Protein chains: 2
Amino acid sequence: MKIDPTNSADLSAQIAGAIRDAIVAGQLIVDERLPSEAELADQFNVSRPTVREALKRLAAQALIRTQRGATGGAFVNRLSFEEAYPQQITTSTLLLSMNEVSFETACEARYALERACAPLAAQRRSADQLATMRAEIHRQSQPGLTDEAFCASDVAFHRALVDAAHNPVLSYQLAGAVEAMQPLMNMITFTARSRDAIVTLHTAIANAIEAHDGHKVNDTLIALERETQALAQSVFAARAARTP
Amino acid sequence: MKIDPTNSADLSAQIAGAIRDAIVAGQLIVDERLPSEAELADQFNVSRPTVREALKRLAAQALIRTQRGATGGAFVNRLSFEEAYPQQITTSTLLLSMNEVSFETACEARYALERACAPLAAQRRSADQLATMRAEIHRQSQPGLTDEAFCASDVAFHRALVDAAHNPVLSYQLAGAVEAMQPLMNMITFTARSRDAIVTLHTAIANAIEAHDGHKVNDTLIALERETQALAQSVFAARAARTP
DNA sequence: GACAATTAAATGTAAGACAAATGAAAATTG
DNA sequence: CAATTTTCATTTGTCTTACATTTAATTGTC
């Protein structure tokens with residue numbers, strides 16, 4: 001593992017990159033201990049703070065974990081889906097908010113992805129996920145729910161739908177798309193009527209999931225997307241009309 | 001922006017978290033300059049190296065960028081899709097390799113996601129993406145191509161398909177799924193016959209994309225997944241038989 | 001006014017020290 | 001001898017200080 005002395009980038013970035021490459025390439029395996037900070041400093045011919053900055057970069061990506069004490073050190077971390085979720089969600093959220101992604105574009109992507117797991121979810125759903133979906137529908141029906149709580153429940157409903165596919169890779173990829181939509185959804189005010197429409201469609205989805213009817217889930221998701229897009233358009237149009 | 005003195009976690013992690021939260025919450029906007037390292041050290045009542053470790057954590061996630069010199073400092077970075085791609089791909093790759101995700105599961109997720117953008121891609125594809133797909137098909141047909149190069153071309157073909165949907169959110173989410181499959185695909189040896197089958201299906205996809213026929217794209221993707229899964233199974237079965 | 005040298009401010013890097021945690025070995029005790 | 005306590009070495013976490021490097025603004029000079 002070497003670094004390029006002619007490279008102009010930060011030493012800590014170069015070192016982090018070298019170690020990251022070694023991990024990705026499988027030269028460093030899970031739970032393997034890296035040399036101590038002092039040893040790494042010697043190997044790379046840099047100071048300990050520089051090594052530490054490199055290790056912190058890797059820790060921020062959950063590629064390593066550190067442990068103090070006699071047998072401590074930096075260990076290659078088994079990157080779990082659970083650990084990767086928050087990162088994925090933070091990144092997705094910032095991507096949407098910082099790149100002026102339109103509600104329309106984000107919504108389209110979200111529902112396209114959800115439809116991707118509709119047939120699998122209908123086929124494999126467990127009683128557990130179905131119960132979650134029913135529970136969230138029940139919560140959404142309660143009067144006096146704030147818009148924010150309604151959105152949170154909406155996210156929970158759709159995550160249950162995604163998880164019903166029983167494919168961790170799909171769940172991981174979609175967590176970002178679904179959760180990152182929440183701030184955008186929070187910009188919308190839900191009238192009693194629009195909530196009714198959404199709850200009705202959610203119920204139809206749950207019923208179709210229960211009946212293992214993938215096609216029906218798919219069709220209802222299309223209707224739900226149309227409903228959501230129309231609702232957003234009307235809210236944004238009203239807002240634009242008020243402040244010309 | 002404060003940190004909890006009773007928290008047992010690393011100071012640098014706490015500081016990084018506090019700044020990250022401020023960015024996500026919109027309290028720090030894009031291109032805004034953070035206080036200098038010395039000032040941050042004062043504010044949080046820690047030393048400069050500790051602040052630096054925190055900033056490196058954020059830099060590793062592309063949340064900030066740093067600049068040297070008189071008007072330098074740490075600035076909130078506009079997280080672009082281009083910057084987020086490599087991270088997403090690295091994370092996805094490690095998730096698959098470290099969690100014993102079966103080829104079957106990963107493959108299923110990948111094709112489910114691709115089918116999600118099939119109708120959009122068929123509808124919106126530009127001449128550019130179609131040309132890329134044709135070019136990759138041509139490359140895949142050449143004899144003497146290594147398995148690795150064949151896989152790389154396969155990835156390029158599918159990325160073009162995804163990008164044809166002209167939805168950056170979809171492209172971002174799928175980049176991880178498609179690229180992360182490459183190491184798994186590289187475990188497969190492609191016979192001349194299996195390459196022919198894949199090229200034929202790729203050609204059918206390109207034709208359907210050209211004809212704006214989303215249904216045909218979808219159906220062909222299903223066939224391609226079946227072909228890929230069968231090929232993988234036979235390769236793995238043969239390998240298992242050789243080393244009992 | 002244009003150009004060059006200086007300066008100030010900021011990050012990048014180094015070196016050394018101490019604190020705190022932690023497991024292992026050694027010493028102590030029943 | 002076994003169990004417990006103490007000591008100790010190792011390693012990360014943090015602080016302090018210092019210097020190098022980069023960069024833009026300032027100043028000085030012609």
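Nothing here was measured: the structure is a model prediction, and the numbers come from that model.
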Protein-nucleotide distance ([X], atom [atom1]; [N], atom [atom2]), rounded to Å:
X: B/L34; N: C/dT11; atom1: CG; atom2: P; result: 9 Å
X: B/D10; N: D/dT14; atom1: CG; atom2: P; result: 5 Å
X: B/R48; N: D/dA18; atom1: CZ; atom2: P; result: 14 Å
X: A/F44; N: C/dA14; atom1: CZ; atom2: P; result: 13 Å
X: A/R52; N: C/dA17; atom1: CZ; atom2: C1'; result: 14 Å
X: A/N45; N: C/dT13; atom1: CG; atom2: C1'; result: 13 Å
X: A/E53; N: C/dG12; atom1: CD; atom2: P; result: 7 Å
X: A/Q67; N: C/dA21; atom1: CD; atom2: C1'; result: 10 Å

Which nucleotide wins on minimum distance to the side chain of [X], given the candidates [options]?
X: A/S36; options: D/dT11, D/dA24, C/dT11; value: D/dT11
X: A/K56; options: D/dT14, C/dA15, D/dG13; value: D/dG13
X: A/E37; options: D/dG13, C/dT22, C/dA14; value: D/dG13
X: B/V46; options: C/dG23, C/dT11, D/dC15; value: D/dC15

First of A/E39 and A/P49 reached from the 5' end of DNA chain D, by closest nucleotide: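 Its nearest nucleotide being more 5', the pick is A/E39.
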
Does the pair [X]/[Y] count as a salt bridge with the N-to-O cut at 4.0 Å?
X: B/R52; Y: A/D10; result: no
X: A/E53; Y: A/R57; result: no
X: A/D31; Y: A/R65; result: yes

Just call it for A/R65: base, sugar-phosphate, or nothing, with non-hydrogen atoms closer than 4.0 Å on any strand. nothing

Answer yes or no: does a side-chain N or O of [X] lie under 4.0 Å from OP1 or OP2 of [N]?
X: A/T50; N: C/dA14; value: yes
X: B/T66; N: C/dG12; value: yes
X: B/S47; N: D/dC15; value: yes
X: A/R68; N: C/dA19; value: no

Any side-chain to backbone donor/acceptor pair from B/Q229 onto B/E104? Under 3.5 Å, distance only. yes

With side chain to side chain donor-acceptor pair (under 3.5 Å) as the test, would you mind laying out the steps for B/Q129 and B/S126 before giving the verdict? CA-CA 6 Å; B/Q129 280 114 22; B/S126 65; 2.8 Å; yes

